[in-house]
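In this chain, numbering begins with 1 at the start of the sequence shown. All values below come from the heavy atoms of this structure, side chains included, with hydrogens, waters and symmetry mates left out. We count ligands from 1, going down the list as the structure has it; atoms in each ligand are counted the same way.
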Amino acid sequence: MHRELNIPYTITAERLHSIESEIKATGTYHHTFEELDYGAKVAWRNSNRCIGRLFWDKLHVLDKRHLTAEEELLDAVVHHIDYATNSGKIRPTITIFPQGKAADAPFVIVNDQLVRYADDPIAGPLKQQVERLTADRSHILPLLYRYDGELKTFEIPADVIMEVPLVHPAYPAFSKLNLTWYAVPMISAMDLRIGGITYSCAPFNGWYMESEIASRNLLDTYRYDLLEQIADTFQLDRSTTVTYWRDKALVELNYAVYHSFKTAGVSIVDHYTASRQFEKFEQNELAEGRKVTGDWTWLIPPISPSLVHNFHKGYDNTYNNPNFYYRSKKSC
Ligand code: HEM
Ligand SMILES: N=C(Nc1cccc(CNC[C@@H]2CCCN2)c1)c1cccs1
């Protein structure tokens, strides 16, 4: 159940006292839903590498801290995918499972994203871990999770995973590559830290910025490395670098990804609009009297970076809490 709550949250002396006595008695404490909801939203607002932060107070927070049974926990993962996808009108959502650092939380997801193609080079190490545990070979990696200290796999039902066929309106030959990408990016291996509490299982999603798929996932040499094949479908002259065939292919591929998602009715943002939205975020934060922190190296888009405003300014990369952190590898 999702409840909209007013922001900002103000803590009372009584609440502080009750936290203190819970810590004295048990060594930790538990957030109220209001504290969890506000904490998760502020963690997004503090995510220095995120260009999508304008909508930080619209995050859908699904509180699943009460779940204990394995089937219920897995069902909540499937529900997240279904709820967030919302038939293409993507809802930025976070599902928060029982608290604890990765080593002692009852349920921890090992996958870095809930959906990952088995043939994606980035999936290498995870794929090896999965193949030691199961024989099934679907094109999407199963969920690898730790429950009660045991490493297990779960096949996410195909019907909740939406994919988008990639086409280019002006180049029919492009479809011959039979490229698709999954609709919703869902990060599942970062720790959410709020008020000294670590939630090591708190998968969250937004929607894609087109360049993530087009400039990085499909073109990085250590990812799908498709630049030449894609340039050929656009009939570009690859005989010399100075026909700018790489640059032309990159732009047309970004265009194709954006239009494919739009045609399929799946939320996506172009890099220019995303940068303008980030500029609005900066203005809003200033008006609220808050300093914006950011990581310039991730905030500039990988296509036409100097055409957007944030290329031309610096950012303070201080990490304020609440925030999201990489899980230390050893803990899983
Ligand atoms: C709503 C649409 C959103 C868009 C378009 C967006 C866009 C992006 C992009 C393009 C990146 C850089 C990713 C990369 O280069 O690999 C990023 C990073 C990040 N985003 Fe967002 N984001 C959105 C929503 C969210 C939400 C809902 C959260 C969490 C509640 C979030 C938290 C983060 C974090 C923690 C990072 C840094 C990840 C890392 O350090 O590896 N974003 N975002
Ligand atoms: N649009 C998104 N993209 C995104 C956000 C955070 C992290 C990532 C994955 N980043 C890792 C890759 C792989 C190396 C550099 N980038 C993607 C979102 C994912 C979840 C919420 S928004």
Side-chain angles (χ1 to χ4, degrees), residues 36-62 80-81 83-86 89-96 109 111-117 120-126 164 181-194 199 202-224 254 257-258 261 266-278 280-281 293-303 305 308 310 315 317 319-327 329:
L36 187 73
D37 180 77
Y38 182 63
K41 288 169 177 168
V42 176
W44 182 9
R45 195 181 74 199
N46 286 337
S47 297
N48 287 358
R49 293 173 159 177
C50 182
I51 195 171
R53 289 181 273 169
L54 175 61
F55 308 110
W56 68 272
D57 58 347
K58 304 290 182 303
L59 182 65
H60 293 248
V61 179
L62 306 185
H80 181 115
I81 298 173
Y83 181 86
T85 305
N86 190 29
K89 192 165 176 23
I90 294 173
R91 293 184 272 221
T93 306
I94 186 167
T95 294
I96 300 180
I109 296 170
N111 310 56
D112 64 313
Q113 289 194 29
L114 293 184
V115 175
R116 175 66 75 204
Y117 290 126
D120 187 336
I122 203 170
L126 177 68
V164 178
W181 200 262
Y182 52 92
V184 190
M186 296 172 279
I187 301 300
S188 45
M190 290 188 85
D191 286 355
L192 165 59
R193 282 194 219 147
I194 302 171
Y199 296 92
F204 61 86
N205 73 279
W207 50 77
Y208 266 116
M209 181 162 80
E210 92 287 35
S211 53
E212 299 181 76
I213 301 168
S215 298
R216 303 301 310 276
N217 301 349
L218 295 178
L219 297 188
D220 283 356
T221 52
Y222 46 83
R223 297 293 296 282
Y224 282 93
N254 272 273
V257 167
Y258 180 84
F261 271 62
V266 177
S267 309
I268 191 164
V269 66
D270 65 278
H271 56 287
Y272 196 78
T273 303
S275 299
R276 295 298 298 272
Q277 289 169 340
F278 187 71
K280 180 81 181 92
F281 169 69
T293 57
D295 178 343
W296 186 88
T297 64
W298 280 56
L299 285 174
I300 55 169
I303 175 172
V308 300
N310 42 334
Y315 290 91
N317 197 16
Y319 263 73
N320 295 319
N321 283 330
N323 214 322
F324 293 97
Y325 293 89
Y326 287 154
R327 186 182 299 159
K329 281 278 167 279

Contact with ligand 1 for F55, non-hydrogen, under 4.0 angstrom: no
May I ask whether D295 has any heavy atom positioned less than 4.0 angstrom from an atom of ligand 1? no
Between W44 and I94, is any pair of side-chain heavy atoms under 4.5 Å apart? no
Does I94 approach ligand 1 within less than 4.0 angstrom via side chain, backbone, both or neither, non-hydrogen atoms only? neither
Note: ligand 1 atoms sitting under 4.0 Å from heavy atoms of E212 are 10 (C), 13 (C)
Sidechain N-carboxylate O distance under 4.0 Å for K41, D57: no
Over 60° means perpendicular and under 30° means parallel, so classify the ring planes of Y319 and Y325, tilted if in between. tilted
Which atoms of the protein, restricted to N, O or S, are nearer than 2.8 Å to atom 21 (Fe) of ligand 1? C50 SG
For the pair Y208 and W181, name the ring-plane relationship: parallel under 30°, tilted 30 to 60°, perpendicular over 60°. perpendicular
Selection from W207, F324, W298 by shortest heavy-atom distance to atom 15 (O) of ligand 1: W298
Starting from atom 38 (C) of ligand 1, locate the nearest protein heavy atom and write down its residue, its atom name and how far away it is, to 0.1 Å. M190 SD, 4.1 Å
Does ligand 1 have an atom under 4.0 Å from some heavy atom of Y326? yes
S215 vs N254, test: side chain to side chain donor-acceptor pair (under 3.5 Å). Steps then yes/no. CA-CA 7 Å; S215 298; N254 272 273; 3.1 Å; yes
Any idea which part of F204 is under 4.0 Å from ligand 1, heavy-atom wise: side chain, backbone, both or neither? side chain
Could you list each nitrogen or oxygen of ligand 2 that sits under 3.5 Å from a protein nitrogen or oxygen, with the atom names and the distance?
{"residue": "ligand 2", "atom": "1 (N)", "partner": "W207", "partner atom": "O", "Å": "3.0"}
{"residue": "ligand 2", "atom": "1 (N)", "partner": "E212", "partner atom": "OE2", "Å": "2.9"}
{"residue": "ligand 2", "atom": "3 (N)", "partner": "E212", "partner atom": "OE1", "Å": "2.6"}

